[in-house]
J.: 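First the structure, then my questions, so here it is.
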Amino acid sequence: MPIIAPSLLSANFLELQKDCDMLNNSVADWYHLDVMDGRFVPNISFGLPIIEQIRKATSKICDVHVMILEPEKYAEAFKKAGADIYTVHIEACPHLHRNLQQAKQLGMKAGVALNPHTPIQTLTDVIQDIDVVCLMSVNPGFGGQKFMPEVLEKIKELKKIRDQKNIDFDIEIDGGINFDNNKLAIEAGANILVSGTTIFKNNNGDIKKNIDLLKSS
Ligand code: DX5
Ligand code: ZN
């Protein structure tokens, strides 16, 4: 069964504790926390103080997806705030190998996210050092966007490389996941589904039910 990682970008920030309680009582596996700086992406979301609070509200894995420039400057602070996985964008990291080592040395898993237009081949030389590859199926910056089906081929390509090299990393898909394309993503080879809108807004916000439906894909 896939790992379900609800994106709290779509949570109700005035009732965050309530949403965390619902997630804790669901079969969701990870918390996906989207940090945006208004520079790498054209939007600003939340940062360290919110993650610190979320950390206190759950024992589930906190998967921090930083859509920020110079993510190396904040790796230690995010670790202290409670990050278990630190996922940086390859497009923001001219020294990606160094970023991956830094995350691991700090005791986090090292993730790399790829924008929809970034080819899988850009990862070839560091693929052995990555714990989680996050393939964006929307342009990062906003929740509620339409899934880009082109990414399914990228998932297949990435899975093929993993099989050929006989190495181990997770394949996460992020953006526009719903009750139709979840199956396609899994079939293609993804094992982690990130979802914001579908989990928090569908079926009148029945978080538990929506997570169950995604999980059973
Ligand atoms: C987009 C974020 C995603 C997004 C997922 O920049 O990385 O995690 O919020 O939300 P939905 O499922 O609404 O596309
Ligand atoms: Zn994300």
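Numbering of ligands and ligand atoms starts at 1, following listing order. No hydrogens, no waters, no symmetry mates; every other heavy atom, side chains included, goes into these values.
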J.: Is it the case that atom CG in Asp168 sees more than 12 heavy atoms from other parts of the structure closer than 6.0 Å?
T.: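 Open.
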J.: Students should be able to answer this: which protein heavy-atom is nearest to atom 14 (O) of ligand 1, and at what distance?
T.: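 Nearest neighbour among protein heavy atoms for atom 14 (O) of ligand 1, to 0.1 Å: Gly176 N, 2.8 Å.
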J.: Quick check on contacts: which atoms of ligand 1 are under 4.0 angstrom from a heavy atom of Met136?
T.: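 Counting atoms of ligand 1 from 1, those under 4.0 Å from Met136 are 7 (O).
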J.: At what distance is the nearest protein heavy atom to atom 5 (C) of ligand 1, and which residue and atom is it?
T.: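 Result: Asp174 OD1, 3.6 Å.
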J.: Would you mind running through ligand 1 and noting each atom that sits below 4.0 Å from a heavy atom of Gly144?
T.: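 Result: 11 (P), 13 (O), 14 (O).
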J.: Give, for atom CG of Leu33 and atom NE2 of His65, the distance between the pair rounded to the nearest 0.5 Å.
T.: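 NE2 of His65 is found 11.5 Å from CG of Leu33.
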J.: Hey, what do you get for CD1 (Ile171) to CD1 (Ile192), rounding to the nearest 0.5 Å?
T.: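 Between atom CD1 of Ile171 and atom CD1 of Ile192 there are 9.0 Å.
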J.: Please could you name the atoms of ligand 1 that Ser195 approaches to less than 4.0 Å, counting only its heavy atoms?
T.: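 Counting atoms of ligand 1 from 1, those under 4.0 Å from Ser195 are 12 (O).
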J.: What atoms of ligand 1 come closer than 4.0 angstrom to any heavy atom of Val194?
T.: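 With Val194 as reference, the close atoms of ligand 1 come out as 8 (O).
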J.: Who's the nearest protein heavy-atom neighbour of atom 9 (O) of ligand 1, and how far?
T.: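 Scanning the protein heavy atoms, the shortest distance from atom 9 (O) of ligand 1 goes to Leu9 CD2, 3.2 Å.
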J.: Please find the N/O/S atom of His65 nearest to the Zn ion (ligand 2) and write down its name.
T.: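 In His65, the heteroatom (N, O or S) nearest the Zn ion (ligand 2) is ND1.
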J.: Once you round to the nearest 0.5 Å, how far does CD of Glu91 lie from CE of Met67?
T.: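 Between Glu91 CD and Met67 CE, I get 11.5 Å after rounding to 0.5 Å.
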J.: Within the structure, does Gly175 bring an N/O atom to less than 3.5 angstrom of an N/O atom in ligand 1?
T.: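 Gly175 vs ligand 1: no N/O contact under 3.5 Å.
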J.: With rounding to the nearest 0.5 angstrom, report the CG to OH distance, Leu8 to Tyr31.
T.: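 It comes to 6.5 Å.
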J.: Hey, is ligand 1 close enough to Gly141 that some N/O pair sits below 3.5 Å?
T.: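 Yes - when backbone and side-chain N and O of Gly141 are compared with those of ligand 1, one distance drops under 3.5 Å.
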J.: Among the N, O or S atoms that Asp174 has, which is closest to the Zn ion (ligand 2)?
T.: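 In Asp174, the heteroatom (N, O or S) nearest the Zn ion (ligand 2) is OD2.
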J.: Is there a polar contact between ligand 1 and Thr197, counting only N or O atoms under 3.5 Å apart?
T.: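 Right, the criterion is met.
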J.: Please examine the side chains of Val64 and Met108, heavy atoms only from C-beta on, and report whether any two atoms are closer than 4.5 Å.
T.: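 Side-chain contact under 4.5 Å: no.
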J.: What distance do Met136 atom CE and Lys154 atom NZ have between them, rounded to the nearest 0.5 Å?
T.: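 One finds 10.0 Å between CE of Met136 and NZ of Lys154.
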J.: Provide the number and element of each atom of ligand 1 under 4.0 Å from a heavy atom of His65.
T.: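 Contacts of ligand 1 toward His65, numbered from 1: 7 (O).
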J.: Quick one: look up the protein heavy atom nearest atom 2 (C) of ligand 1 and list residue, atom name and how far away it is.
T.: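 So the nearest neighbour among protein heavy atoms is Asp34 OD1, 3.5 Å.
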J.: Looking at Ser7, which atoms of ligand 1 are within less than 4.0 Å of one of its heavy atoms?
T.: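 By the 4.0 Å cutoff, the relevant atoms are 8 (O), 9 (O).
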J.: Which atoms of ligand 1 have any heavy atom of Gly143 under 4.0 Å away?
T.: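 What qualifies from ligand 1 is 9 (O), 10 (O), 13 (O).
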J.: Please assess Gln121 against Glu157 for the test side-chain hydrogen bond (donor to acceptor under 3.5 Å, both in side chains), listing each intermediate value before the final yes or no.
T.: CA-CA 9 Å; Gln121 286 69 29; Glu157 213 180 320; 2.7 Å; yes
J.: So, do Ile177 and Val194 sit near enough that their side-chain heavy atoms are less than 4.5 Å apart?
T.: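 Contact flag for Ile177/Val194 side chains = no.
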J.: Quick one, Arg55 with Glu52, criterion salt bridge (Lys or Arg N to Asp or Glu O under 4.0 Å). Give me CA distance, side-chain angles, the key distance, then yes/no.
T.: CA-CA 5 Å; Arg55 175 74 288 169; Glu52 246 175 70; over 6 Å; no
J.: May I ask you to check whether Asn139 has an N/O atom sitting below 3.5 Å from an N/O atom of ligand 1?
T.: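 In fact, backbone or side chain, Asn139 has no N or O that close.
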J.: Do Arg162 and Lys159 have side-chain heavy atoms sitting under 4.5 Å apart?
T.: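 Yes. Closest side-chain heavy atoms under 4.5 Å.
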J.: Restricting to non-hydrogen atoms, name the atom on Lys60 and the atom on Val27 that form the minimum distance, rounded to 0.1 Å.
T.: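 Nearest pair, atom of Lys60 first, then Val27: NZ-C, 4.5 Å.
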J.: Would Thr198 count as a contact residue for ligand 1, given that I'm defining contact as a non-hydrogen atom of the residue lying under 4.0 Å from a ligand atom?
T.: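 Flag not set, Thr198 not near ligand 1.
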J.: Could you tell me whether Pro140 approaches ligand 1 through its side chain, its backbone, both or neither, with non-hydrogen atoms closer than 4.0 Å?
T.: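 Pro140 to ligand 1: contacts from backbone and side chain alike.
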J.: May I ask you to list the atoms of ligand 1 that are less than 4.0 angstrom from any heavy atom of His32?
T.: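 Close to His32: 8 (O).
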J.: Taking the non-hydrogen atoms of Phe142, is any one of them nearer than 4.0 angstrom to ligand 1?
T.: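 Phe142: in contact with ligand 1 (<4.0 Å).
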J.: Look only at interatomic distance and state if Ser10 has a nitrogen or oxygen under 3.5 Å from any nitrogen or oxygen of ligand 1.
T.: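 No; the residue has no nitrogen or oxygen that sits under 3.5 Å from a nitrogen or oxygen of the ligand.
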J.: Are Lys215 and Asp29 close enough that some pair of their side-chain heavy atoms sits under 4.5 Å apart?
T.: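 Counting from C-beta outward, Lys215 and Asp29 do come under 4.5 Å.
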J.: Please give the atom name: the N, O or S atom of Asp34 nearest to the Zn ion (ligand 2).
T.: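 Going by distance to the Zn ion (ligand 2), the closest N, O or S atom in Asp34 is OD1.
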J.: Hey, does Gly196 come in under 3.5 Å of ligand 1, counting only N/O atoms on both sides?
T.: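 N/O-N/O distance below 3.5 Å exists for this pair.
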J.: Give a yes or no answer on whether the side chain of Tyr74 reaches the backbone of Leu48 with a donor-acceptor pair at less than 3.5 Å.
T.: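 Side chain of Tyr74 to backbone of Leu48: no pair is present.
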